[in-house]
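Quick caveat: nothing in here was measured; it's all calculated off a predicted structure. Per chain, numbering begins at 1; letters A, B, ... match sequence-line order.
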There are 2 protein chains.
Amino acid sequence: MIDSGETVLVVEDEAPMRKFLRAALSTHGFAVTEAATIAAAEHLATETRPAAILLDLGLPDGDGLVFLAHLRGWSTTPVIVLSARDREDDKVSALDAGADDYLTKPFSVGELLARIRVALRHARATVTTDEPVRAIGPIRIDLARHEVTVDAQDIHLTPIEFRLLCALARQPGRVLTHRQLLTEVWGPNAVEQTHYLRVHMAAMRRKVEKDPARPQWLLTEAGVGYRLRDA
Amino acid sequence: MIDSGETVLVVEDEAPMRKFLRAALSTHGFAVTEAATIAAAEHLATETRPAAILLDLGLPDGDGLVFLAHLRGWSTTPVIVLSARDREDDKVSALDAGADDYLTKPFSVGELLARIRVALRHARATVTTDEPVRAIGPIRIDLARHEVTVDAQDIHLTPIEFRLLCALARQPGRVLTHRQLLTEVWGPNAVEQTHYLRVHMAAMRRKVEKDPARPQWLLTEAGVGYRLRDA
DNA sequence: TCTCCGGATCAAGAATTCGTAAAGACGAAC
DNA sequence: GTTCGTCTTTACGAATTCTTGATCCGGAGA
């Protein structure tokens, strides 16, 4: 499947536990990012926009509940707390602080995965306050709908074209090297195939640009890469 | 807590447990209705429209999971399973069947209440199209009655077709990936069986579309998934 | 003017992905 | 047991998408 699963952020200070969770999650189709501290977790939560977060409460640089409180200020991403503490108070305070679930260590992998699925089910049904629509000039990219419009006109992009455009749109105005684009869209084994880029950029220009021979938005940086002009 | 007057439906066959739960809930501001059988539970779920449901799995007239499956056909009311069984399988199958949480007896009242609060929080944030009829173009879907009409003409959908259509109709216009549709309709073990989708989409198009070879509503996004055109 | 080079363009055919039909498996109703 | 409806599985042609290679273009430098 090309649809590489959704990303789960694991916040946990003990390395063996992190490794264990990474193994369990990735064999079930999730992408995994890891953080060992609150600081790292806050950074990754904003950067990678995970679909769900697994949170250990005992972290070296502070209480996990602090992180949770911060997060709930701007995000509704589901959070499942993993803790060795089994006291009622701990559970209640975590749940009331905004956690969506609370699992006591040790737990079984099957249950964890099932509860993650529940969390993702909820997230999908939730009115997402995040705006996953990006607009650059006349181009509008709706990540959630997998939909692109130019001057309010729907245009159809193939999966590769869509991923290419998303990669460029993530940092509008900035040049992305051939290498960066190739690894992001085709994977790290294709970093040499720069002609893939040429062909697919041409195809995309035909759909997006008014005059594909004189592109206004999908610009070539000779010898370096491509960039999407910032509006 | 000031959760003034939301109703919780308790489905439990043992009278002492029912009494205990009623006491715990009502002293914390919930109204309580009780059912000791699946039949009674189905009746009360439709009649009283509870804000949440506590479900014991071992009932005299059948498995609680059957009730849960029925309920999920037309309602997103949060369900918390209360069970004496602590096996991983039991938890996973209940959660995958649509339960929002699973508590093993014995549990503490504080935790139960906290988890109910979580469930209600979720319910409030959910796109609550509790209006049981949805209309997209010429297609009208009656969730409670399991009925679909196209141009005011009744059409018959099989259970799987109906769930597929509901999944698509929940967010009209949006692309749902193969993975999403398969997990939602067939469960998480079937994420690889993309041919299920092809076969059942074809069957549904024959019933819904004027020209099944050129679909107007049930659209394919090659390499990604399917979507229901937004009217 | 010629050549070189990176990029653009085009078209063929390779590889995926889709749609469709048809047959077998399974369970429920009779 | 039989019949019926439904779901799964399989196979194959059609459609779409991707890769590949040939060719063209324009600027830089000899």
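- Note: CG (B/Leu157) to C1' (D/dC7) measures 15 Å, nearest angstrom.
- Dashed line: the shortest gap from a side-chain N or O of B/His200 to OP1 or OP2 of D/dT8 is under 4.0 Å.
- Within the 4.0 Å cut-off from OP1 or OP2 of D/dT8, at least one side-chain nitrogen or oxygen of B/Trp186 is found.
- Looking at A/Thr177, A/Leu176, A/Leu197 one by one, the single match for side chain to side chain contact (heavy atoms under 4.5 Å, CB included) with A/Tyr226 turns out to be A/Leu197.
- Between the CD atom of A/Gln193 and the C1' atom of D/dT19 there is a distance of 9 Å, rounded to whole Å.
- Counting to the nearest Å, the C1' atom of D/dA14 and the CZ atom of B/Arg214 are 13 Å from each other.
- Between B/His146 and B/Phe162, the ring planes are parallel. Angles under 30° get that label, and only those over 60° would be called perpendicular.
- One finds a side-chain N or O of A/His156 lying less than 4.0 angstrom from the OP1 or OP2 phosphate oxygen of D/dT17.
- Counting only residues at least two apart or in different chains, salt bridge (Lys or Arg N to Asp or Glu O under 4.0 Å) contacts with residues 174-200 of chain A comprise A/Arg170-A/Glu184.
- D/dT19 atom P lies 11 Å from atom CD of A/Glu161, rounded to whole Å.
- For the 3.5 Å distance criterion, the side chains of B/His70 and B/Glu42 qualify, holding a donor opposite an acceptor.
- Close to D/dC18, at under 4.0 Å from its OP1 or OP2, lies a side-chain N or O of A/Thr158.
- For B/Glu221 and D/dT16, the CD to C1' distance is 12 Å, given to the nearest whole Å.
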Contact string for nucleotides 19-30 of chain C, one letter per nucleotide 5' to 3', B = base within protein heavy-atom range under 4.0 Å, S = sugar-phosphate only, - = neither, reads BBB---------
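- Note: CG (B/Leu164) to P (D/dT8) measures 11 Å, nearest angstrom.
- The distance between atom CD1 of A/Ile160 and atom P of D/dT16, rounded to the nearest whole Å, is 17 Å.
- One atom, NZ of A/Lys207, and another, P of D/dT16, lie 12 Å apart when rounded to the nearest Å.
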Quick one: side chains of residues 92-102 of chain B, donor-acceptor pairs under 3.5 Å with protein atoms, not counting sequence neighbours, listed by atom name and distance.
| residue | atom | partner | partner atom | Å |
| --- | --- | --- | --- | --- |
| B/Ser93 | OG | B/Asp89 | O | 2.9 |
| B/Ser93 | OG | B/Asp90 | O | 3.2 |
| B/Asp96 | OD1 | A/Arg117 | NE | 2.9 |
| B/Asp96 | OD1 | A/Arg117 | NH2 | 3.4 |
| B/Asp96 | OD2 | A/Arg117 | NH2 | 2.9 |
| B/Asp100 | OD1 | A/His122 | NE2 | 2.5 |
| B/Asp100 | OD2 | B/Arg72 | NH2 | 2.9 |
| B/Asp100 | OD2 | B/Val79 | N | 2.9 |
| B/Asp101 | OD1 | A/Arg115 | NH1 | 2.8 |
| B/Asp101 | OD1 | B/Arg115 | NH1 | 3.3 |
| B/Asp101 | OD2 | B/Arg115 | NH1 | 2.8 |
| B/Tyr102 | OH | B/Ser83 | OG | 3.2 |
| B/Tyr102 | OH | B/Arg85 | O | 3.0 |

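- Distances were taken from every side-chain heavy atom of B/Ala222 (C-beta onward) to each of D/dT9, D/dT17, D/dT8; the shortest belongs to D/dT17.
- Donor-acceptor pairing under 3.5 Å is lacking for the side chains of B/Thr104 and B/Arg87.
- For the side chain to side chain contact (heavy atoms under 4.5 Å, CB included) with A/Met201, the qualifying choice from A/Leu164, A/Leu219, A/Val208, A/Thr220 is A/Leu164, the only one to do so.
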